[in-house]
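Note: hydrogens, waters and symmetry copies are ignored here, and every other heavy atom, side chains too, is used.
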Amino acid sequence: MKCLAIADLFITKEMMIKGLEELTDLGVELTVKEWLHKDLEALQKDNIKLEQEGSSAVELPDDILEGIEDYDIIITQFAPIGRDTLDKCKSIKVLGILRAGIENVDYKYAESKGIDVFNTPGRSNTSVSEFTVGLILSEIRNIARGHDYLKNGIWEKNYSAGVLSPEISGSTVGIIGYGAIGQRVANLLRPFGANIIFFDDYFTGDTEDSQVDLDTLVKTADIITMHYRLTEKTKHMLNKNHFEKMKKNAIVINSARSGLISETDLISALKEKRIAGAAVDVFDIEPLPKDHPYLELDNITITPHIAGSTIGNFANSPNILARRIIPALSEVKN
């Protein structure tokens, strides 16, 4: 069997070769090609276009498409596999995506052609959950603000929320989206002494945390953190109506998808001090425009979409995916 793996600036050719060793050990002939960009911003621009417009919004270069009809397995992270590309794949039986999100792949069309499609759920659990806790601590304890003031020669202890900071211990943390990342955030925060409540339409398992409706969560929580997947249903699931119900001391964290929160309504809530603060890693427009209102606010911590950017996240993804694919290969061979 022949496998084409498409590397990029995050998962390099070397990472692909090492991470897919379990496939090559089984006799799979591996070819790695690179979807090259001049820098990470150019790659991110294509990623955002694919997320917003679908898998056909960006075309693959000819050097990657060359000979694509000969491969039984295609593995990609960010490189698009749209309908036209799939029509060129005459031998493909397995399509692997090295991420949980599959916006860059026309997976429904692939499945209609009898192709087994695998993504890589859970690869970002550790990186995003740890970063979320970092955002919470940075915002409530004024870590980034204090750093910024000192770098500018200012010794300041009185911030937008006052002189004395709250603690995670004794706070009620509301988790919106109680999947793998949301649950891991809960596990990380519980030892701090936080009271964990959550909203998730799809969770049916057992947990020591308290499941509540969204209205109750936004009224009750001191810290609200987003971990839902963005769909038409969940777009702007936090908006003006919810900000008006929150405590004045509440902070909102978003390391998931910008569209989960109405950016305009969050800006208004922060400007009008209806909530105490926010920490955000994702934005409606990326890179963040130089005239964006967030840059004028003193009660928000912002980071440039780096929650998932860890060595472990990217380097381990090919290995995780290989282990998902391997059981399907025996069926393909038969």
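- In this structure, CG on Leu260 lies 12.0 Å from CG on Leu266, to the nearest 0.5 angstrom.
- With contacts defined as side-chain heavy-atom distances shorter than 4.5 Å, the pair Arg274/Lys248 does not qualify.
- Partner of Asp298 under the salt bridge (charged side-chain N to carboxylate O under 4.0 Å, His left out) criterion, chosen from Lys273, Arg145, Lys271: Lys273.
- Taken from CZ in Phe283 to OG in Ser258, the straight-line distance is 8.0 Å, to the nearest 0.5 Å.
- Atom CD1 of Ile48 is separated from atom CD of Glu286 by 4.5 Å, given to the nearest 0.5 angstrom.
- In this structure, the separation between CH2 on Trp155 and CG on Leu150 is 6.0 Å, given to the nearest 0.5 Å.
- Every side chain to side chain contact (heavy atoms under 4.5 Å, CB included) that Ala186 has, sequence neighbours left out, goes to Ile175, Tyr178, Arg190, Ile196, Asp209.
- Within the cation-pi definition used here (under 6.0 Å to the ring centroid, within 45° of the axis), Arg83 qualifies as a partner of Tyr109.
- Looking only at side-chain heavy atoms (C-beta outward), Thr31 and Tyr71 come within less than 4.5 Å of each other.
- Transitive grouping of hydrophobic side chains (ILVMFWY, heavy atoms separated by less than 4.5 Å) keeps Phe198 and Leu238 in distinct clusters.
- Side chains of Asn104 and Arg99: a donor on one and an acceptor on the other come within 3.5 Å.
- In this structure, Val282 is not a member of the same hydrophobic cluster as Leu135, with clusters built from ILVMFWY side-chain heavy atoms closer than 4.5 Å.
- Annotation: the span from Ile275 atom CD1 to Glu244 atom CD amounts to 12.0 Å, rounded to 0.5 Å.
- Applying side chain to side chain contact (heavy atoms under 4.5 Å, CB included) to Ile136 and the options Leu188, Thr301, Ile253 leaves one that passes, Ile253.
- No more than 12 heavy-atom neighbours from other residues, nucleotides or ligands sit within 6.0 angstrom of CD on Glu66.
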Practice task
Step by step, work out the side chain to side chain contact (heavy atoms under 4.5 Å, CB included) result for Ile261 and Val252.
Solution key: CA-CA 10 Å; Ile261 300 176; Val252 174; 3.7 Å; yes
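- In this structure, Ile102 is not a member of the same hydrophobic cluster as Tyr228, with clusters built from ILVMFWY side-chain heavy atoms closer than 4.5 Å.
- There is a side-chain donor-acceptor pair under 3.5 Å between Ser255 and Thr132.
- A donor-acceptor pair is defined here as one N or O able to donate and one able to accept, closer than 3.5 Å; such a pair exists between the side chain of Ser127 and the backbone of Ser124.
- In Lys113, the NZ atom is crowded: over 12 heavy atoms of neighbouring residues, nucleotides or ligands sit closer than 6.0 Å.
- Residues Asp72 and Ser91 have side chains that never bring a donor and an acceptor to within less than 3.5 angstrom of each other.
- Atom CZ in Phe314 sits 5.0 Å away from atom CD in Gln77 (nearest 0.5 Å).
- Residues that satisfy the salt bridge (Lys or Arg N to Asp or Glu O under 4.0 Å) test with Asp284, not counting sequence neighbours, are absent from this structure.
- Side-chain N/O atoms of Asn239 and His242 include a donor and acceptor closer than 3.5 Å.
- A donor-acceptor contact closer than 3.5 angstrom links the side chains of Thr225 and His227.
- Inter-residue side-chain proximity for Arg257 and Met226 is flagged as unmet; no heavy-atom pair is nearer than 4.5 Å.
- The side-chain heavy atoms of Arg323 and Asn319, taken from C-beta on, include a pair separated by under 4.5 Å.
- Side-chain contact of Asn299 with Tyr159: a donor-acceptor pair under 3.5 Å is absent, judged by distance alone.
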Can you give me every donor-acceptor pair (side chain of residues 57-64, partner residue at least two apart or in another chain, under 3.5 Å) with its distance?
none

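- For the side chain to side chain contact (heavy atoms under 4.5 Å, CB included) test with Ile75, the passing option among Leu98, Val32, Ile97 is Leu98; the others fail.
- A 4.5 Å side-chain heavy-atom check between Ser309 and Phe131 finds every atom pair outside the cut-off.
- Sparse packing is recorded around NZ of Lys240, with 12 or fewer heavy atoms of other residues, nucleotides or ligands lying under 6.0 Å away.
- A donor-acceptor pair shorter than 3.5 Å cannot be found between the side chains of Asp8 and His37.
- Side-chain contact between Leu95 and Leu86: present, with at least one pair of heavy atoms (C-beta onward) separated by less than 4.5 Å.
- Between Ile81 and Ser55 the shortest side-chain heavy-atom distance does not fall below 4.5 Å.
- In this model, a donor atom of one side chain and an acceptor atom of the other lie less than 3.5 Å apart for Thr216 and Asp213.
- Ionic pairing of Lys93 and Asp116 is not present here: no N-O contact between side-chain nitrogen and carboxylate oxygen is shorter than 4.0 angstrom.
- Val218 and Phe203 fall into different hydrophobic clusters, where Ile, Leu, Val, Met, Phe, Trp and Tyr residues are linked whenever their side-chain heavy atoms come under 4.5 Å apart, directly or through other members.
- With hydrogens and angles left out, the side-chain atoms of Asn313 and Thr310 include no donor and acceptor closer than 3.5 Å.
- For Tyr107, the OH atom sits in a loose shell: 12 or fewer heavy atoms of surrounding residues, nucleotides or ligands are nearer than 6.0 Å.
- When the side chains of ILVMFWY residues are joined at heavy-atom separations under 4.5 Å, either directly or via intervening members, Trp35 and Leu20 end up in a single hydrophobic cluster.
- Side-chain contact between Ile197 and Val173: absent, with no pair of heavy atoms (C-beta onward) separated by less than 4.5 Å.
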